[in-house]
Structure formats: C-alpha cells, structure tokens
Peer 1: 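Before I ask anything, let me first share the structure, which is written out below as structure tokens.
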Amino acid sequence: MTNEEIARVFGEIGEYLEMGDVAFKPQAYSRASAVIASLEEDVASIYEKGGLKALEDIPGVGKSLALKIEEYLRTGKIKYYENLKKKTPVDVSELTRIEGLGPRKIKILYKKLGIRNVDDLEKAASAGKISKLPGFGKKSEENILKGVFFAKKFRGRYILGDKLQWIESVAKDLKTLKEIKKLDVAGSIRRRKETVGDLDILAVSSKPKPVMDYFVSRPWVVRVLGKGEAKSSVKAENGMDVDLRVLEEKSYGAGLLYFTGSKEHNIRLRELAIKKGLKLNEYGLFQGKKMIAGKTEEEVYKALGLEYVPPEMREDTGEIQLAALKKIPKLVDYGSLEGDLQIQTDWSDGENSIEEYAAAAINLGLKYIAITDHTQSLKVANGLDEKRLEKQMLEIDRLNKSFDKKRIDFRILKGAEVDILKDGSLDLPDKVLSKLDIVGVAIHSHFNLPEKEQTKRLIRAMENKWSDIVFHPTGRLIGEREPLRLDMEAVIKAAKTIGTVLEIDSYPNRLDLKDEYIRLAVNMGVKLSVDSDSHSVRHLRFLDLGLAQARRGWAKKSDIINAWPIEKALGFLKKNN
Ligand code: DGT
Ligand code: CA
Ligand code: CA
Ligand code: ZN
C-alpha cells in the first residue's frame, strides 16, 4: 500500500529537481514514480522478500532510488525529499496540474511572488501581478485563472484509476479479519465514476466492535475522524477518507443499494416505493413494520417491480424507467475484449518493444493488438515517418509469422496514431495509410481553436478514406485540461454517416469518450473501440477502466468492435474504407 505514496514522493522529487534545472535526474525520478505507481506487488513485500537487491530489480529503480525506498519503508520518511520541500515549500503536485505551469514557471512564481499553492496563485492572478512578470503576460495570466477555476472544481476528488489498486489492497487488508463475513466497496467507486471523493465500505459482521477496533488501528490510517459502534471514518495515508459501516446480513442488500447511490438513483427508488405504499431505507424495504426485502439488492429491485440495475448505470438518467420495462441492456462484460487497438511502443514514446507487448497481451488473454505509434509531426514523442513505419511493418510481419509457426492464436495489426494537422489533413500520405490495418487519428496540437473550426477539423480527418478510429476524441485530461471545443453531436453524427469508430480511451485521466457521449454514440448506432492507450505493458490493465466507462455509457458487446473476433472487427473497418 506504500506504492502510491512512494510514487507520489518520487514524482514530486522529479518536479523539485526540474525547478533546480538539473538536467538528467528529474526524468529518472518521474520514470520510477510511474513504474512504482503501477506495480502489481507492494514494494514493502518486495523488500521483505528480497531486500535492497530486489528493489533494484524494479525497472527504473537504481541503487540510489532503492536506498530511498528502503529509508521510507524503515522510517516513513525520505530525508532528501524533506530537504527539497524545506528549501522550496510549494505544493508542486497541485500547481503542476494547472495547464501551462511547469516546474520552472512555478519556481519563478515562488521566487518573485511567494506563491506556494493554488490559492496564492489565484490571488496573484486576480490582482494582475502575474502578467507583470517576465515571460508571463496577460494571456498566460488569463489561462492561469482558468486553470485555477478548473483545479478547484477537482479539489478533494481523485481519479478512480489512480486509486483502484490501493482501494483493492485496503479491501483485502480488511477482509483478513475473521469477524468480517462479507465486505464490499460501495459509493461512486462501485459505480466506477471517473473521479471519486471517498471510499465507502460496507461489511457484514455479527461482532461490529472488534471490526471497528481493527479498522481504526490499521497501519495505513493516519487519523481517526470518528468511531462509533457500527460506523467509523478515518483518513488514510494517501489523503483519502475511508468510511466503514457494519450491517446485519438481513439488511445487507438494502444497505449496499443505499450506499452505492447515486443519491439521485436512491431518491427515485424511494419515490417508487412510496407510490407502492412501501418504505425503502438502508435497512430494507418495508410494508408497515414488516420487512419484505433487504438481504440482497436483487431482492429489493424485484420487490419494487424492477429489473436489476448494474451499479454503473445508477445515475438517474433513465435507467429506472428501463428497469420497470425490463429493458436494461446487457452491458459489455469486464474482461470481454478480444483486442486492443491503441498501443505505443519504444518505436515512439512507449517503454516496451512490440514483442514485449505481444507477450503481455497474450498473457492477458487478448487475441490481437494494433501497434499505433505516433507519427512524424509529433516530434516530442519521436513520431514515425514513412520510412520507419515501413520498417516497423516488416518487424510485425516477422512476429506474426513466428506466431503462426508456433501455432499461437494471436495477431499483431499494423497501425498508427496519425496526427491530425491544423487544417484537418493527416500527417502521413494516403499511400502509406493504405498499408495499415488500423489508422487511428488524433489531435495533439492547436487545442484552442473555436468550436466551429475544431469540429470541422476533426470531421475532415474522419473523412479521409483511410481513417478508421478517432483516438481520445475530446482530448480532455481529467482535472488538468478541458476537452476540445467540439460540437460532439455533429461529430457523432458524422461518425455514423462516414462509418468512423470513436474510441473510449481507457487511460485513467482520459476516459475519453466519457459516459455521456458514449450513450449518445450508442443511441445513434456509432461503433466504439475500448483501447488502453498503453505506453508500457503495465498499462494494458487499464482496459477494464475503459470498459467501466463503456458500461456507464450503456454500451453492449455489439457496440464495441474490439470485443469482436478479429475478422469481424477488420471486416467492419474495411467495409467503410
Ligand atoms: P463521492 O464520494 O463524492 O464520489 O460520491 P458518492 O456517490 O460515493 O457519495 P457519498 O460518499 O457522499 O455517499 C455514498 C452513497 O450514500 C451515495 O452514493 C448515496 C448515499 N447517500 C449519501 N447521502 C445521501 C442522501 O442524503 N440521500 C440519499 N438518498 N442517499 C445518500
Ligand atoms: Ca463516496
Ligand atoms: Ca462517504
Ligand atoms: Zn494520443
């Protein structure tokens, strides 16, 4: 459970070092931070089993970083980090989330104006002090104010995908207590909302007292916010609040329903109960004093005359009406993807080779992947030109042949994440695109065009005969960057007419398309793909987050082309070329 904390500290060290204009080291720390954040195994247990040596075996972790991890595990602190923080006491992680503010600018703002956090930043920008600094100007002051507004909206919320591993480890930790008979995570996390406020846990136990004692004394608890007989709240090491409620078995379903929410869904259900002369609360569904349902959620829905509603749909956006008609769609299942259509390798800005991705994908049970490295105009990502792409195709042919030979049922598709230029033309000529199985198109520049122009640009890219999929269509970065100004209804309509697939990018801070647009696309019969956007083999597991978003958008297997066998998926794309 310490992984997240160490990752955060290493990330901040990287940012501090960048402020100090150190050339090489910052990347080493940010890379190690990313690796540790997504490690399956807890560093504490790695260390316990193999000591310092085992820590050094973690990719990107050398001797000096391993020593720092050891120090943290032993003392709960890293002196080096504490010193950097003392020297420049600014909240780097909060400030770097503001678009356009990097460590260097943060340093100037601190040195010249004493800005330490987003509140200071807001005051200085509102007072017009920032535009007077060299290298800032009126425009960037305006942008900073916009960024502040955005950051404040996000405050106190966490990106689901960043916390899920930690959440699972907390649940596992609590389940080890023998007095706990059953345990589930509820709230927005169970609904798989893209950002979540706190962790709500429900448990069944006939002995709540030892459960409460155990909960508040876990080593990852930094503060007890409240302790009662059957409910307690704590603050965890990563800043998140955690609530634990103990329920009786006979009320567990009603409790789970209530604490899963959403609040709006609950209110609707309660109204429905009242209409039927019943009463619904977190203890059960009652007729007068008699409890008529409550042990399971299914039972409660049924007694209300409803079909079961999957947690991802419980947002009061029409799901209860569907449940009353027994028309809840069969949502796409977790783990049901056959392929992944967006992967960046070490040919551009990814960490792993094509071969390593193939091995990892096979391991996850996938049947095919498309290699979609960036193209030439994206220089920061070492984008591929025609020549290198041709070379990559040969490598893919070679690997596919080797699978045939070994009778492995797996295919690597040739693809690219082709940059959309300012006017909507594509970054590679048609004769190259025609050789690819998967042409993903994506916007990585000119984010600020007005809606009309941006919409026209994207649709023009979709109209290219060879484009198959729009990758991360709205370009948003949750808590960090607003979506592009796009007329999404027009984009989705165009996708329907042209036959373009729209992607659900599964990267935790993208989830793009988001639920609302997924529903719109599904309603209009537009096909989707759920891709990992991996930059490392460790990212392939994000696919389930994309599927969660797909389920929140009411998507079925028939809506998602890479949930289909490869021939069918390719057939669909070909038909539209
Ligand atoms: P979050 O934590 O902000 O991401 O969102 P939730 O949905 O997890 O909300 P939270 O943690 O405040 O409460 C958990 C669930 O408890 C919520 O989804 C529904 C239920 N709940 C909380 N407050 C109320 C309320 O005032 N009325 C009703 N009907 N349900 C409530
Ligand atoms: Ca919650
Ligand atoms: Ca809560
Ligand atoms: Zn991209």
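For ligands, and for the atoms within them, numbers begin at 1 and follow the listed sequence.
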Peer 1: Test the Arg31-Tyr29 pair against the cation-pi criterion, namely NZ or CZ under 6.0 angstrom from the six-membered ring centroid and within 45° of the ring axis.
Peer 2: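 Judged by the rule, Arg31 and Tyr29 form no cation-pi pair.
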Peer 1: Could you tell me whether Arg485 and Glu451 have a side-chain N and a carboxylate O separated by less than 4.0 Å?
Peer 2: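 Salt bridge flag = no for Glu451 with Arg485.
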Peer 1: Enumerate the atoms of ligand 1 whose separation from the nearest heavy atom of Phe259 is less than 4.0 angstrom.
Peer 2: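 Ligand 1 atoms under the 4.0 Å threshold to Phe259: 14 (C), 15 (C), 16 (O).
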Peer 1: With a 6.0 Å cut-off (strictly less than), is the heavy-atom count around CD of Glu480, excluding the residue itself, greater than 12?
Peer 2: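 Yes, the 6.0 Å shell around CD holds more than 12 heavy atoms from other groups.
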Peer 1: Any nitrogen or oxygen of Ser188 lying under 3.5 Å from a nitrogen or oxygen in ligand 1? Just yes or no.
Peer 2: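 Yes; at least one N/O pair falls below 3.5 Å.
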Peer 1: Output the list of atoms in ligand 1 that are nearer than 4.0 Å to some heavy atom of Thr260, sorted by atom number.
Peer 2: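 Within the 4.0 Å cut-off of Thr260, ligand 1 contributes 18 (O).
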Peer 1: At a 4.0 Å threshold, what atoms of ligand 1 neighbour a non-hydrogen atom of Asp200?
Peer 2: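 Here the atoms of ligand 1 in question are 8 (O), 11 (O), 14 (C).
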Peer 1: May I ask you to list the atoms of ligand 1 that are less than 4.0 angstrom from any heavy atom of Gly187?
Peer 2: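 Answer, ordered by atom number: 8 (O).
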Peer 1: For ligand 1, is any non-hydrogen atom under 4.0 Å from Asp198's backbone (N, CA, C, O), its side chain (CB onward), both, or neither?
Peer 2: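 For Asp198, the contact with ligand 1 is made by both the backbone and the side chain.
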Peer 1: Could you walk me through whether Gln344 and Asp533 satisfy the side chain to side chain donor-acceptor pair (under 3.5 Å) test, starting with their C-alpha distance in whole Å, then the side-chain angles of each, then the deciding distance to 0.1 Å, before giving a yes or no?
Peer 2: CA-CA 7 Å; Gln344 278 75 234; Asp533 194 357; 2.8 Å; yes
Peer 1: Restricting to N, O or S atoms of Asp198, which is nearest to the Ca ion (ligand 2)?
Peer 2: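 Sorting the N, O and S atoms of Asp198 by distance to the Ca ion (ligand 2) puts OD1 first.
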Peer 1: Can we say Glu5 and Arg8 salt-bridge, meaning some charged N sits less than 4.0 Å from an Asp/Glu carboxylate O?
Peer 2: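 So Glu5 pairs with Arg8 through a salt bridge.
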Peer 1: Between Asp243 and ligand 1, which residue portion shows a heavy-atom distance shorter than 4.0 Å: side chain, backbone, both, or neither?
Peer 2: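 It is neither; nothing of Asp243 touches ligand 1.
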Peer 1: Distance under 6.0 Å and angle within 45° of the ring axis: does Arg552 meet both against Tyr517?
Peer 2: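 Cation-pi check for Arg552 and Tyr517: fails.
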Peer 1: Which atoms of ligand 1 have any heavy atom of Arg191 under 4.0 Å away?
Peer 2: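 The list of qualifying atoms is 7 (O), 18 (O).
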Peer 1: Check contact between Arg270 and ligand 1, using heavy atoms of the residue and a distance below 4.0 angstrom.
Peer 2: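 It does; at least one heavy atom falls under 4.0 Å.
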Peer 1: Tell me whether Glu482 is salt-bridged to Lys146, with the criterion being a basic N under 4.0 Å from an acidic carboxylate O.
Peer 2: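 Looking at Glu482 and Lys146, the cut-off is not met.
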Peer 1: Should you measure from each heavy atom of Arg157, which atoms of ligand 1 turn up under 4.0 Å away?
Peer 2: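 Contacts of ligand 1 toward Arg157, numbered from 1: 1 (P), 3 (O), 4 (O).
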Peer 1: Please could you name the atoms of ligand 1 that Asn266 approaches to less than 4.0 Å, counting only its heavy atoms?
Peer 2: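 Every atom of ligand 1 under 4.0 Å from some heavy atom of Asn266: 19 (C), 20 (C), 29 (N), 30 (N).
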Peer 1: With Arg481 as the cation and Phe447 as the aromatic partner, state whether NZ or CZ is under 6.0 Å from the six-membered ring centre and within 45° of the axis.
Peer 2: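 Pair Arg481/Phe447 counts as cation-pi.
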Peer 1: Do the charged groups of Lys209 and Asp213 touch, with an N to O distance under 4.0 Å?
Peer 2: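 Result for this pair is yes, salt bridge flagged.
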Peer 1: Any salt bridge linking Arg268 with Glu271? Criterion: basic side-chain nitrogen under 4.0 Å from a carboxylate oxygen.
Peer 2: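 Yes, charged N to carboxylate O under 4.0 Å.
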Peer 1: With a cut-off of 4.0 Å, which atoms of ligand 1 are near a heavy atom of Val196?
Peer 2: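 Atoms satisfying the 4.0 Å criterion: 4 (O).
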Peer 1: Tell me whether ligand 1 is touched by Lys193 - counting only heavy atoms on the residue side and a distance under 4.0 Å.
Peer 2: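 No, that is not the case, since the closest heavy atom of the residue is not under 4.0 Å from the ligand.
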Peer 1: By atom name, which N, O or S atom belonging to Asp200 lies closest to the Ca ion (ligand 2)?
Peer 2: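 Result: OD2.
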